[in-house]
Structures are given as C-alpha cells and as structure tokens.
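Working notes, beginning with the structure itself.
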Amino acid sequence: MRSRIAAAAAAASLALVAGCASGPSLENRGEVTAPPGDSKNLTVGSAGFTESDLLAQMYALLLNKAGYGTKILSVANRELYEPALESGQIDVVPEYAATFADWLNAKENGADAEPVGSPDVDATIKALRRLAAPRGLTVLDPGKAVDQNAFAVTAAYARQHRLRTLSDLGRSGLKVRLAAGDECVRRPYCAPGLKKVYGIDLTGVDPKGVGTTQAKKAVQSGQDQMVLTTSTDATLDDFGLVLLQDDKHLQNADYLVPVVNRSRAGSEGVAAALGRLGPVLTTQDLASLNEQVDSWRRLPQDVARAYLEDKGLL
C-alpha cells in the first residue's frame with residue numbers, strides 16, 4: 001500500500017543510501033546530549049504514499065508560517081529515510097507510533113525482538129522515545145489521528161446482521177472469509193487475533209492484499225465477507241463498505257507523530273509549529289484528505305493548504 005515513489009525520488013534515495021550513517025547514538029553520544037538544534041532551513045521527509053505526502057506538505061506549511069525555510073524529499077522506504085533522519089539529511093518526518101517503535105526495536109535488538117508497540121498509546125510513545133533518543137531523534141507529541149489496520153464489511157451485510165463492532169461479528173457466529181495479505185494467517189493483529197480476541201469464525205484468508213481494489217471487490221461481490229484495510233481508507237464508500245469498530249483494541253496504537261532530528265530540529269519552535277496540527281487533525285479528516293488526492297485527483301499541496309486554511313492554522 002505504501003510503496004509509490006517517483007523516479008526523481010528514487011534518484012534522491014540512492015544518494016541518501018551512499019551518505020547515511022547509522023546515527024549519532026552509535027558513534028558520537030555528544031550529539032545526542034548537545035542542546036537541541038534550530039536550523040532555519042529544514043528538509044521534511046515523505047515516505048512517498050498519499051497520506052505521507054499530505055502530512056509532509058502540512059508540516060512544511062506550518063514550519064513556513066513559523067519562519068522556517070523548507071523543502072520536501074520523498075524517500076519510499078523506512079530503510080532509507082530513517083538513517084537519513086539520524087544523519088540530518090532529513091530533519092522531520094511523519095511517522096506511525098507503534099510501527100516505528102517496533103521498527104527501531106528490531107533495528108536495535110534484532111528481527112525476533114519482542115514487539116514494544118501496543119494498543120496503549122502512552123506505553124507505545126514511551127517505548128518509542130526510549131529507542132529514538134539514543135539515535136539523536138526526538139519524538140514529538142502524537143495527535144488525534146491514527147492510521148491502523150481495520151476491517152470492513154459491506155454496509156448491506158452489516159445492516160442484515162446488525163454489526164457495528166468486531167465483537168458483534170464474533171457473537172453472530174457467522175462464518176467469515178477474509179480478504180487480506182497472505183501474512184494475515186500468522187500476524188497476531190489479523191487472523192489469529194480475530195479468532196482469539198473476538199471469537200470470529202474465520203474459514204480462511206483470501207490472499208488479495210491489504211485494502212487493494214481486488215480485495216474490496218471480493219467482499220463487494222460476496223466472494224469474501226470481510227476485508228483488511230486501514231482506518232484512513234478513502235475508498236470504502238466506492239465499494240459500499242463500512243468499518244467494524246475494533247472495540248477490544250486488537251490493533252496497535254499507530255497514532256501519527258512527528259519525529260525530528262534533535263541536533264537540527266529539536267527546538268521548541270519546531271515543536272510548537274508542528275504541535276498545532278495534532279489536536280486538530282482527526283482520523284476522519286485524514287481519510288477525507290486521502291480521498292481528495294486519490295479519488296478526486298487533487299494535488300497533495302493544494303489539499304494540505306486548503307485544510308490548514310479551513311482550520312485556521314494558516
């Protein structure tokens with residue numbers, strides 16, 4: 001889902017690979033303990049998919065308003081942009097709390113390390129900050145918006161069986177075939193969790209991908225009964241689908257959170273500028289913004305500016 005990248009960004013990515021170190025924590029602890037930096041010209045990173053592009057544009061606009069010069073660099077995968085963030089080639093990126101915490105944990109302690117991300121946002125942010133600080137990274141406060149795995153059924157199916165939550169589906173005793181990625185059969189937040197936490201009678205996983213058009217069409221047609229997507233999916237209405245509430249909090253706390261390079265962008269000015277967005281932007285807002293780009297074909301920079309102006313942030 002999050003793999004789109006332009007050719008120009010790919011070239012930039014190659015340059016970053018050549019120049020990125022593994023971070024100040026592993027080589028120069030002094031950079032971590034030095035006073036937070038306040039560079040007036042900042043590079044905002046995007047991971048190259050619609051939502052990340054939108055957030056990067058909003059971050060840049062808010063920083064501009066606060067007197068910072070900005071440029072945006074799109075780098076498609078975390079393996080490239082996270083070292084660039086540590087080294088100061090990128091100064092700020094929008095991240096997802098639980099996913100980033102687990103990624104840094106695996107980087108520090110190995111791929112088999114016990115996950116530190118959880119449905120508890122406070123515990124997740126605490127773990128993320130503990131892992132990020134030695135690498136010269138500062139994790140700012142999370143906002144309201146969260147982009148986490150979510151499950152959808154057709155609106156007609158939900159009405160017929162009186163379903164609003166995943167617990168409702170578990171209590172219904174209905175047999176459910178799930179359209180999802182093939183990794184769903186072993187991921188704790190997916191098939192195993194749906195069975196263990198909610199008691200849903202899963203008859204199988206149809207490997208059509210996470211939130212893909214093919215997966216949604218399979219549910220729309222009745223071939224499958226439920227699809228794994230995300231909480232900010234902008235196209236559910238197009239397929240007549242509705243999300244079922246994760247009322248027992250199976251999914252991790254993937255709240256949106258700005259992460260900055262401390263030595264260049266760790267100042268109170270940067271935190272204050274970016275902190276204006278968090279209390280305003282909701283999950284529903286983000287889904288609507290994604291829709292404007294993906295379905296209405298508007299440019300991310302135009303959508304971002306219009307939203308911030310509408311909310312009185314510009």
Side-chain angles (χ1 to χ4, degrees), residues 1 51 96-99 101-102 115 117-124 142 144-256 282-288 290-291:
M1 180 180 66
E51 188 167 288
Y96 300 88
T99 295
D102 284 338
S118 76
D120 185 327
V121 63
D122 292 332
T124 296
K144 292 181 178 179
V146 57
D147 185 355
Q148 58 194 169
N149 293 297
F151 298 91
V153 298
T154 66
Y157 186 83
R159 286 194 300 270
Q160 179 184 358
H161 300 290
R162 299 181 180 181
L163 306 176
R164 291 187 306 105
T165 68
L166 289 171
S167 288
D168 291 339
L169 182 57
R171 285 191 294 267
S172 74
L174 293 165
K175 294 186 180 299
V176 176
R177 191 166 187 250
L178 175 67
D182 55 8
E183 72 280 359
C184 177
V185 296
R186 61 182 181 277
R187 294 285 174 85
Y189 65 80
C190 203
L194 291 173
K195 294 175 181 178
K196 180 178 179 181
V197 175
Y198 287 107
I200 295 173
D201 186 1
L202 282 183
T203 61
V205 173
D206 188 3
K208 285 184 164 58
V210 179
T212 63
T213 296
Q214 184 185 21
K216 291 172 189 171
K217 284 184 175 179
V219 176
Q220 185 182 41
S221 70
Q223 176 183 342
D224 299 328
Q225 288 71 51
M226 188 163 68
V227 60
L228 170 63
T229 183
T230 67
S231 57
T232 60
D233 190 323
T235 64
L236 293 178
D237 286 347
D238 297 341
F239 297 90
L241 303 177
V242 294
L243 294 178
L244 295 182
Q245 182 184 347
D246 179 21
D247 53 308
K248 293 184 179 179
H249 307 291
L250 173 63
Q251 304 305 319
N252 281 345
D254 259 331
Y255 284 78
L256 294 174
T282 66
T283 303
Q284 292 73 24
D285 289 343
L286 199 50
S288 175
N290 287 336
E291 181 182 26

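Positions are given from 1 along the sequence.
- In this structure, Thr203 OG1 and Arg177 CZ are separated by 7.0 Å, a value rounded to the nearest 0.5 Å.
- For the pair Val153 and Ala158, the tightest heavy-atom approach, listed with the atom from each and the gap, is CG2-CB, 4.0 Å.
- Atom OG1 of Thr99 and atom CD of Gln148 lie 10.0 Å apart (nearest 0.5 Å).
- Between Asp168 and His161, every side-chain heavy-atom pair lies at or beyond the 4.5 Å cut-off.
- Of all the heavy atoms in Pro192 and Cys184, the pair that sits closest is CD-O, 3.5 Å.
- Remark: the Asn252 side chain and the Ser118 side chain contain no N/O donor-acceptor pair separated by less than 3.5 Å.
- Taken to the nearest 0.5 Å, the CG atom of Leu228 stands 5.0 Å off from the SG atom of Cys190.
- Using a cutoff of 4.0 Å between basic side-chain nitrogens and carboxylate oxygens, Lys216 and Asp233 are scored as salt-bridged.
- Under the side-chain contact (heavy atoms from CB on, under 4.5 Å) rule, Met226 has a single partner from Asp206, Leu241, Leu166, Thr154, which is Leu166.
- Using modelled atom types, one side-chain atom of Tyr198 and one backbone atom of Asp247 make a donor-acceptor pair closer than 3.5 Å.
- Side-chain contact between Leu178 and Ile200 is absent, with no heavy-atom pair separated by less than 4.5 Å.
- Within 6.0 Å of atom OH in Tyr157, more than 12 heavy atoms from other residues, nucleotides or ligands are found, so the atom counts as buried in its surroundings.
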side-chain contact (heavy atoms from CB on, under 4.5 Å) between Phe239 and Thr213, worked out: CA-CA 9 Å; Phe239 297 90; Thr213 296; 4.0 Å; yes
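- If you take NZ on Lys196 and CG on Leu250, they are separated by 10.5 Å, rounding to the nearest 0.5 Å.
- In this structure a side-chain-to-backbone donor-acceptor pair under 3.5 Å is present from Thr212 to Ala215.
- At a threshold of 4.5 Å between non-hydrogen side-chain atoms, the residues Ser288 and Gln284 do not count as touching.
- Across Asp120 and Ala253, no two heavy atoms sit closer than the pair C-CB, 4.1 Å.
- Of all heavy-atom pairs spanning Ala287 and Ala234, the tightest one is O-CB, 3.3 Å.
- Checking Asn290 against Glu51 by side-chain atom types alone, a donor-acceptor pair falls below 3.5 Å.
- Listed for the Asp254 side chain is a donor-acceptor partner under 3.5 Å among the backbone atoms of Ala98.
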Check against side-chain contact (heavy atoms from CB on, under 4.5 Å), Phe151 and Gln251: CA-CA 11 Å; Phe151 298 91; Gln251 304 305 319; 3.5 Å; yes
Test log, rule side-chain contact (heavy atoms from CB on, under 4.5 Å), inputs Gln223 and Lys208: CA-CA 12 Å; Gln223 176 183 342; Lys208 285 184 164 58; 3.3 Å; yes
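- To the nearest 0.5 Å, atom CG of residue Leu194 and atom NZ of residue Lys248 are 11.5 Å apart.
- Considering all non-hydrogen atoms of both residues, Ser172 and Leu163 come closest at CB-CD2, 4.4 Å.
- With a 4.5 Å cut-off on side-chain heavy atoms, Leu236 and Thr229 count as touching.
- For the pair Leu174 and Leu169, the minimum side-chain heavy-atom distance is below 4.5 Å.
- For Ser221 (side chain) and Lys217 (main-chain N/O), a donor-acceptor pair under 3.5 Å exists by modelled atom type.
- Asp102 and Tyr96 form no side-chain donor-acceptor contact under 3.5 Å, judged by distance and modelled atom types alone.
- A pairwise comparison of heavy atoms in Gln225 and Val219 identifies O-CG1, 3.7 Å as the closest pair.
- Remark: Lys175 NZ to Asp201 CG distance equals 4.0 Å, nearest 0.5 Å.
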